[in-house]
Amino acid sequence: RLVAEISPAGVDFEPPVVDALSACVCEFIHALASEATLVCEEGKKKVLAPEHVVAALTKLEFESYAADASAMAEAASEAIGGGTKKRKLKAQSPGLSSEELERQQRLLFEEAARDVAESREPQGLSHTL
């Protein structure tokens, strides 16, 4: 279906061609994911990040894709607000000890748990038989 969506109007592909393209795409994604994982591990990180994928694209000699991927990752980061609450809290709180940051994080989790519990409480339900 994807091949049909991106191909020019009036151009159809035989099923073996679609299968071959699909296999190539799967192999590309597998190679990229493997290389990005290696980059992540080399940096002693535990979470795969967009910069790992960009570095993997460069290592695999797909520099033109790397530039596009980097731009898209930046745009996505801006669209979702630039990161997690923990990162924002840490950025807003320079100089705080890790214990203080952990305490603030625990308070945020407790607040979120209370919000969830309150949203699950029945409101204004009357039981009549």
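The residues of the chain are indexed from 1 along the displayed sequence.
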Practice task
Evaluate whether atom CD of Glu110 has more than 12 neighbouring non-hydrogen atoms of other residues, nucleotides or ligands under 6.0 angstrom away.
Solution key: yes
Fill in the blank from the handout: Rounded to the nearest 0.5 Å, the CZ atom of Phe62 sits from the CG atom of Leu32 at a distance of 8.5 Å
Problem - Shortest non-hydrogen contact from Glu63 toward Thr58 - result: OE2-O, 3.6 Å
Problem - Linked, directly or transitively: Val54 and Leu38 (ILVMFWY side chains, under 4.5 Å) - result: no
Practice task
Check whether more than 12 heavy atoms from other residues, nucleotides or ligands sit under 6.0 Å from atom CD of Glu74, and answer yes or no.
Solution key: no
Problem - Any donor-acceptor N/O pair, Ser34 side chain to His30 backbone, under 3.5 Å - result: yes
Exercise for the section: Could you tell me the separation between the CG atom of Leu108 and the CZ atom of Arg103, rounded to the nearest 0.5 Å? Expected result: 10.0 Å
Handout entry: Common cluster, Val25/Val17, ILVMFWY with side-chain heavy-atom separation under 4.5 Å
Key = no
Practice task
Spell out, yes or no, whether Phe109 and Leu101 are grouped together once hydrophobic residues are joined by side-chain heavy atoms under 4.5 Å, including indirect joins.
Solution key: no
Problem - Shortest non-hydrogen contact from Ala56 toward Ala36 - result: CB-N, 3.5 Å
Practice task
Ignoring hydrogens and angles, tell me if any N or O in the side chain of Ser22 forms a donor-acceptor pair with the backbone of Val18 under 3.5 Å.
Solution key: no
Completion exercise
For Leu57 and Ala69 the tightest heavy-atom approach is CD1-CB, 3.7 Å
Problem - Heavy-atom pair with the smallest gap, counting every atom of Leu48 and Thr37 - result: CD1-N, 3.9 Å
Fill in the blank from the handout: Value for CZ (Arg106) from CD (Glu99), rounded to nearest 0.5 Å, stands at 10.5 Å
